[in-house]
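Working notes, beginning with the structure itself.
Both backbone and side-chain heavy atoms feed into the values below; hydrogens, waters and symmetry mates do not.
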Amino acid sequence: MDAFQGILKFFFNQKTVIGYSFMALLTLGSERLFSVVAFKCPCSTENLVYGLVFLFAPAWVLLILGFFLNSKFWRLFTGCCVNPRNIFSKGHSCRFVYVLGQIALSSLVAPTMWLSVALLNGTFYECAMSGTKSSRLLGLICKGKPQECWDELHKVSCGKTSMTAADNEEVKLSLQAQSQILGWFIICSASFFSLLTTCCARCRSQVSYLQLSFWKTYAQKEKEQLENTFLEYANKLSERNVKCFFEKKRPDVFPMPTFAAWEAASKLHSFHQSQQHYSTLHRVVEEGLDLGPEADETTMVLVGTAHSV
């Protein structure tokens, strides 16, 4: 039993690494599926556009999904049009840019993996570059090759050029080598940039290593507690409302945070050494909550929401 708990603890501590490893395997499988099933190089003047679309379109979709599935992104922008001061408050504009940068970097992980895997495979790049019309690129690709390479480069991927089989294969290998070099360049650059940004963030940290580890643990536990409490209170509130509706009874008082408290707990968190609050919710609770009824505010917001729906 102790060994099983040790294994679970190990996987819990390495969940970030496991998550990225799973994402890498999923990206690799998706790229292979695209290459085998969907990708068919036209071997025409459309090669460049076709290859670039398969190379960058999935990366763009993954980037959008990265933003869309990031809860911090929605926490940052929800209600910003109604009250821009929530994110551009006085003295906290740099904090907004910093958090937005964190969101962008985390959202770039999946697109970077896709580009790296796709370039290492070389299929998309080979098709795209074989359709180039740039004399500079043609000179680089067809250097030392017969004239047919310049005129029929777009047919190299299909092996239908007038060149010999050896020359055709040499051009294909050259394009694949260029693609793999770019792939490794992206991997090395992303790894170095990730290390550099992490080092900069840790160097500028206002807390020590142990306190930062506690902070991360607290944030994770608070998130889990919030999700469980949301579910519990939503069940209780919905059960009370449905029961009162069918039994035609006046509802009992149900304790809920005020709209001002919800608003305060949803703001961006800034750490201050004089006030060691590990989250916005922690700060709101420590400073005290106004749990009094706000009938007018509640009515106004709910009516406005109903009209918008």
Query - Exercise: do Q180 and Q176 side chains pair donor with acceptor under 3.5 Å - result: no
Report task. Would you please test L182 and L115 for side-chain contact (heavy atoms from CB on, under 4.5 Å) and show each step? Result -> CA-CA 9 Å; L182 285 175; L115 286 176; over 6 Å; no
Requested in this report: Just do the side-chain contact (heavy atoms from CB on, under 4.5 Å) check on V109 and L62 with the steps written out, would you?
Outcome: CA-CA 9 Å; V109 173; L62 288 173; over 6 Å; no
Requested in this report: Indicate, with yes or no, whether the SG-to-SG separation of C41 and C158 is under 2.5 Å.
Outcome: no
Report summary line: Closest non-hydrogen contact found for Y50 with C127 is CD2-SG, 4.2 Å
Query raised in the report: If you look at every heavy atom in P58 and V53, which pair is closest and at what distance?
Result: CD-O, 3.5 Å
**Report entry** Joint hydrophobic cluster, L55 plus V49, side-chain heavy atoms closer than 4.5 Å
**Finding:** no
Query raised in the report: Between the side chain of T217 and the main-chain N/O of S213, is any donor-acceptor distance below 3.5 Å?
Result: yes
Query raised in the report: Are the side chains of F124 and M129 in touch, meaning some heavy atoms are under 4.5 Å apart?
Result: no
Report task. Supply the atom-to-atom distance S130 OG to L175 CG, rounded to the nearest 0.5 angstrom. Result -> 7.0 Å
Report summary line: Closest non-hydrogen contact found for C149 with V171 is SG-CG2, 4.1 Å
Query raised in the report: Is I64 linked to L105 within one hydrophobic cluster, defined over Ile, Leu, Val, Met, Phe, Trp and Tyr using a side-chain heavy-atom separation of less than 4.5 Å?
Result: no
Query raised in the report: Looking only at atom types and distance, does a side-chain atom of N47 sit under 3.5 Å from a main-chain N or O of C43, one as donor and one as acceptor?
Result: yes
Query raised in the report: Do I187 and L108 share a hydrophobic cluster, counting only Ile, Leu, Val, Met, Phe, Trp and Tyr and linking them when any side-chain heavy atoms are less than 4.5 Å apart?
Result: no
Requested in this report: Report yes or no: do L140 and Y125 belong to one cluster of Ile/Leu/Val/Met/Phe/Trp/Tyr joined by side chain heavy-atom distances under 4.5 Å?
Outcome: no
Report task. Measure centre to centre between the rings of F73 and F68, then say whether the value is under 6.0 Å. Result -> no
Report summary line: Closest non-hydrogen atoms of V156 and K172, given as atom of the first, atom of the second and distance, are CG1-CG, 3.2 Å
Query raised in the report: Of all heavy-atom pairs between H282 and H277, which one has the smallest distance, and what is that distance?
Result: ND1-CA, 3.4 Å
Query raised in the report: F192: which other cluster members, linking ILVMFWY side chains closer than 4.5 Å, directly or transitively?
Result: L196
Query - Q220 vs K216, side-chain contact (heavy atoms from CB on, under 4.5 Å): CA-CA, chis, key distance, verdict - result: CA-CA 6 Å; Q220 179 63 30; K216 291 181 178 179; over 6 Å; no
Query - Value rounded to 0.5 Å, distance of OH in Y209 from CZ in F214 - result: 15.0 Å
Query raised in the report: Are any side-chain N or O atoms of S194 and backbone N or O atoms of A190, one a donor and one an acceptor, separated by less than 3.5 Å?
Result: no
Requested in this report: Assess whether side-chain hydrogen bond (donor to acceptor under 3.5 Å, both in side chains) is satisfied between N70 and S106, documenting all intermediate values.
Outcome: CA-CA 9 Å; N70 195 314; S106 62; 3.2 Å; yes
Query raised in the report: Mind checking what makes disulfide (SG to SG under 2.5 Å) contact with C244, not counting sequence neighbours?
Result: none
Requested in this report: Would you check if the side chain of N121 reaches a backbone N or O of V117 as a donor-acceptor pair within less than 3.5 Å?
Outcome: no
Query raised in the report: Considering residues, nucleotides and ligands other than W60, do more than 12 of their heavy atoms fall under 6.0 Å from its CH2?
Result: no
**Report entry** Heavy-atom side-chain contact between T45 and K133 under 4.5 Å
**Finding:** yes
Requested in this report: Find out if a path of hydrophobic residues (ILVMFWY) with successive side-chain heavy-atom gaps under 4.5 Å connects L120 to L52.
Outcome: no
Query raised in the report: How many angstroms lie between atom OG1 of T197 and atom CD of Q102, to the nearest 0.5 angstrom?
Result: 10.0 Å
Report summary line: OG1 (T280) and CD (E263) are apart, to the nearest 0.5 Å, by 11.5 Å
Query raised in the report: Hey, does E170 have a side-chain heavy atom less than 4.5 Å from the side chain of M163?
Result: no
Query raised in the report: Distance-only, no hydrogens or angles: does the R240 side chain make a donor-acceptor pair with backbone N or O of P251 under 3.5 Å?
Result: no
Query - Heavy-atom closest pair, residues H154 and S44 - result: CB-O, 3.5 Å
Query raised in the report: How about R283 and Y278: do any of their side-chain heavy atoms sit closer than 4.5 Å?
Result: no
Requested in this report: Starting from the C-alpha separation in whole Å, work towards a yes-or-no answer on side-chain contact (heavy atoms from CB on, under 4.5 Å) for T198 and F193.
Outcome: CA-CA 8 Å; T198 303; F193 184 73; over 6 Å; no
Report task. For E222, look at atom CD and say whether over 12 heavy atoms of other residues, nucleotides or ligands are found less than 6.0 Å away. Result -> yes
Query raised in the report: Apart from F245 itself, what residues make up its hydrophobic cluster, given side-chain heavy atom links below 4.5 Å?
Result: V242, F246
Report summary line: The remaining residues in the hydrophobic cluster of L231, counting side-chain heavy-atom contacts under 4.5 Å among Ile, Leu, Val, Met, Phe, Trp and Tyr, are none
Report task. Please answer whether the main-chain N or O of F56 pairs with a side-chain N or O of W114 as donor and acceptor at a distance below 3.5 Å. Result -> no
Query - Any pair counted as disulfide bond (SG atoms under 2.5 Å apart), so long as it reaches residues 170-205, sequence neighbours left out - result: none
Requested in this report: Mind jotting down which residue pairs meet the side chain to side chain donor-acceptor pair (under 3.5 Å) criterion with at least one end in residues 229-239? Sequence neighbours excluded, please.
Outcome: E232-K236
Query raised in the report: In Å, rounded to the nearest 0.5 Å, how long is the span from CD1 of I141 to CG of L137?
Result: 6.0 Å
Report summary line: CZ of F185 to CG of L119, rounded to nearest 0.5 Å, is 11.5 Å
